[in-house]
Engineer: 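What follows is a structure written as structure tokens; I'll ask about it next.
Worth knowing before you read on, the calculation uses all heavy atoms, side chains too, and leaves out hydrogens, waters and symmetry mates.
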Amino acid sequence: GKSARVSFFFAFATPRKQAVTMVFAVANSSSSALMSQRIATFSRGVSLKPIARSAPTKAFRSHGQRIIMTATTSKILLEEDLNKILPMSTELTAIANTKAKGCPNETAFDVLEESRNSWMSTDLKARKSLTERKMRLRKSKIVCTIGPSSCSREALFELCDRGMNVARLNMSHGDHESHKKVIDLVKEYNASGRRPDQIALLLDTKGPEVRSGDLATAMMLKTGDQFVFTIDRTTPIDPSEKKTTVNYDDFVNDVQVDDVLLVDGGLQSMQIVGKTATEVTCTVLEGGEFKSRRHLNVQGRTANLPSLTPKDWDDLEFGVEQGVDFFAMSFVHDAKVIIEVKEWLKSKGAEIAVLPKIESTNSVMNLNEILAASDGAMVARGDLGAELPVEEVPLIQSEIVYKCNQQGKPVIVATNMLESMIVNAIPTRAEVADITVAVREGADAVMLSGETANGKYPIKALDVMSQTAQRVPWELAHGPYTAFIASQTQTLRGNMRQVTDPMNNGTGGAPSSSDRELLAQLIAYNATNLANAVQVPIIVFTRTGSMAALLAHFRPRCVIFAFTNNPKVQRRMALYRGVVALPIEFQPTEFATETKALELLLKHKLIDMGSTVCVVDAGKRSIWREASVQGVRFRDVLESDYPAGAN
């Protein structure tokens, strides 16, 4: 065409997943060719081919390209003409007869991808109504670390009011007394009824750490300086020497000459140039102020330390006594420590979920076996980026989130999500994008660390994270594509294993455990599809939380209201994406219990009178139904079913 903009339009209208797709911008004038060439330099999939207008087909075929479509015209195209040429998912608004400088016949077009990205254009044009916002409750959960900035009653309650789902206790700081005060405040808030759901407690162990010793005063290190670490903690060190102790006796044996030693995750770095039986000598690569008790990592290596220290065992015992809901295990190298902790919990009669923190080279190498043994995972990007090249961290994060989604286990993405808000009132745009990426990838929860523990703006940081996570539309954060979902596209009989018919399995007994598991998946999957089709929330009644977790695994468009009579189960569901866990006392009949549940939802304005809900009556443990009866049904919320003033 005469205008160079045609190549720009086609570049964006071409399928980008096909690497072989190419757009040829054909120009028949020097000015258009020059402009097309400039556009081609940054338009993906566009290649300039200046040829005569009379024979475009011959030129394309001479290059061995398959021609999808060619269109030549000398007149101004109208909007309906362009919609016939370009994909129907792209809406073009034409501004005809635009008087461009030097091009009186040029037509300008504003490309609006409303049909493909309707979630964006709609929200930008107008604010959502209250009803729409109710249906778009934030599904991703938020974990907040409690510290000096948030441990007061006023600050902690405000975090809870503004949307915190899980309170994290970092055992690397503080003592049992200070953490117990936080636990008591969370329990007080849960009992106050200010929110219908509950705040869960996560205890994060310190784990084995390699740290430098105490210094009389901080010292300034410059590039090229020599610095010495020693495992001899009995010989006094001259304060004028650039030397300090290390708390790990095998430090000398674990490191090698030419290794890069990272201080505090890479804020400073040193290269090891020599070692003796007790000392390691380094050359400073990146200097800075070196203080006491700095965290040390060797890039690409994991210290041969036990995953659990005596302090960790004391902290775990404290967590059991206080009734926390989750353990986050630091520096897990393999599945053995997860199995050991779970067996210990079983002996204590404690129901606490164990989440390994993937933050070392060994934990990445043994990721599959660690996830198989655990109840979920945390992507601890700080130490992960210290032991591995930083460019690997986003890829490892994606893999961990993907594998947890595949297995239906909750995953938390943590560290540096809003790091700048420790001191600044607004985040960087890259940090906001980081949260969006984590939610899009499928993270069940995102976490704030120093932002709420010791930052200046803990409430603002929580608000930014909450609004950003809520803004991600369902279309960009739908459920994982698993082997089970793939099987649903096949013929029900023949290509897919069938659930055994209990009346014809030769014994007359109930289905096997594997059949019950498959049946539960079928019900959860199809309930999700049904609820998505009419865009209504799902209600499920559960004693163990298993059906709620299974429904959350399939990522329905609307929220899941999971009702349980077990406070421990309710708090555990606080980490499930898309699940709002609510308390209820089960009534003698299912209808009476449903009515009571809907009254609670109406009271807290989570649904409206006259709306419809999808009720899932299934699970491993029956509440009212017979074991052989499971199903999905829709129920209208009618005024006649409730006393006056219920809503």
Engineer: Using a strict 4.0 Å threshold on nitrogen-to-oxygen distance, state whether Lys206 and Asp315 make a salt bridge.
Structural biologist: no
Engineer: Looking at Asp264 and Leu267, would you say the former's side chain and the latter's main chain have a donor-acceptor pair under 3.5 Å?
Structural biologist: no
Engineer: Spell out, as yes or no, whether a donor-acceptor pair under 3.5 Å connects the side chain of Asp225 to the backbone of Val284.
Structural biologist: no
Engineer: Could you tell me whether the side chain of Ser150 and the main chain of Thr452 form a donor-acceptor pair under 3.5 Å?
Structural biologist: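 Yes, the answer is positive, given that a donor and an acceptor are paired below the 3.5 Å cut-off.
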Engineer: Tell me whether Lys357 is salt-bridged to Asp204, with the criterion being a basic N under 4.0 Å from an acidic carboxylate O.
Structural biologist: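 Looking at Asp204 together with Lys357, the answer is yes, because their closest N to O distance falls below 4.0 Å.
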Engineer: With distance as the sole criterion, is a donor-acceptor pair present between the side chains of Thr436 and Asp434 under 3.5 Å?
Structural biologist: no
Engineer: Report the distance from atom CZ of Phe290 to atom CG of Leu215, rounding to the nearest 0.5 Å.
Structural biologist: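 Result: 6.0 Å between the selected atoms.
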Engineer: So Phe331 and His295, would you call those rings parallel, tilted or perpendicular, with 30° and 60° as cut-offs?
Structural biologist: perpendicular
Engineer: So, the side chain of Lys403 versus the backbone of Leu371: is there a donor-acceptor pair under 3.5 Å, distance only?
Structural biologist: no
Engineer: With no hydrogens and no angle check, is any side-chain donor or acceptor of Glu431 less than 3.5 Å from a backbone partner on Ser420?
Structural biologist: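 Side chain of Glu431 to backbone of Ser420: a pair is present.
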Engineer: Is any side-chain N of the basic residue among Lys275 and Asp259 closer than 4.0 Å to the acidic one's carboxylate O?
Structural biologist: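 Asp259 and Lys275: not salt-bridged.
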Engineer: Just by modelled atom types, is the Lys568 backbone N or O under 3.5 Å from a matching donor or acceptor in the Asn566 side chain?
Structural biologist: yes
Engineer: Between Ser212 (side chain) and Arg294 (backbone), is there a donor-acceptor pair under 3.5 Å?
Structural biologist: yes
Engineer: So, does Arg572 use its side chain to make a donor-acceptor pair with the main chain of Phe326 at under 3.5 Å?
Structural biologist: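 It does not hold such a pair.
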Engineer: Does Arg153 make a cation-pi contact with Phe157 (under 6.0 Å, within 45 degrees of the axis)?
Structural biologist: yes
Engineer: Strictly below 4.0 Å, N to O, side chains only: are Glu317 and Lys348 in salt-bridge contact?
Structural biologist: yes
Engineer: Among Leu202, Val413, Ile142, Ile412, which residue satisfies the side-chain contact (heavy atoms from CB on, under 4.5 Å) criterion with Met447?
Structural biologist: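 Testing each of Leu202, Val413, Ile142, Ile412 against Met447, the sole residue satisfying side-chain contact (heavy atoms from CB on, under 4.5 Å) is Ile412.
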Engineer: Between Arg195 and Asp161, does at least one N-O distance fall below 4.0 Å, as a salt bridge requires?
Structural biologist: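 No, Arg195 and Asp161 are not salt-bridged.
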Engineer: Ring-plane angle category for Trp313 and Trp344, please: parallel below 30°, perpendicular beyond 60°, tilted otherwise.
Structural biologist: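 Correct class here is perpendicular.
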Engineer: Can Asp249 and Arg233 be counted as an ion pair, charged N to O under 4.0 angstrom?
Structural biologist: yes
Engineer: Roughly how far apart are Ile370 CD1 and Leu355 CG, rounded to 0.5 Å?
Structural biologist: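 Here the interatomic distance stands at 13.0 Å.
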Engineer: Would you call Lys342 and Asp375 a salt bridge, using N to O less than 4.0 angstrom?
Structural biologist: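 So Lys342 pairs with Asp375 through a salt bridge.
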Engineer: Are the charged groups of Asp325 and Arg571 less than 4.0 angstrom apart, N to O?
Structural biologist: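 Between Arg571 and Asp325 there is a salt bridge, with a charged N closer than 4.0 Å to a carboxylate O.
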Engineer: Are Lys243 and Glu279 close enough for a salt bridge, meaning some N to O gap below 4.0 Å?
Structural biologist: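 Judged by the 4.0 Å cut-off on N to carboxylate O distance, Lys243 and Glu279 do form a salt bridge.
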Engineer: Give a yes or no answer on whether the side chain of Gln299 reaches the backbone of Leu261 with a donor-acceptor pair at less than 3.5 Å.
Structural biologist: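 Not confirmed, Gln299 side chain does not pair with Leu261 backbone.
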Engineer: Run the numbers on Val246 and Arg211 for side chain to side chain contact (heavy atoms under 4.5 Å, CB included), then give the verdict.
Structural biologist: CA-CA 6 Å; Val246 179; Arg211 288 190 177 270; over 6 Å; no
Engineer: Hey, is Lys336 close enough to Glu340 for a salt bridge, meaning N to O under 4.0 Å?
Structural biologist: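 A salt bridge is absent here (no side-chain N lies under 4.0 Å from a carboxylate O).
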Engineer: Are Arg555 and Asp444 ion-paired here, with the side-chain N under 4.0 Å from a carboxylate O?
Structural biologist: yes
Engineer: Measure from the side-chain N and O atoms of Asn190 to the backbone N and O of Ile199, and report whether any donor-acceptor pair falls under 3.5 Å.
Structural biologist: yes
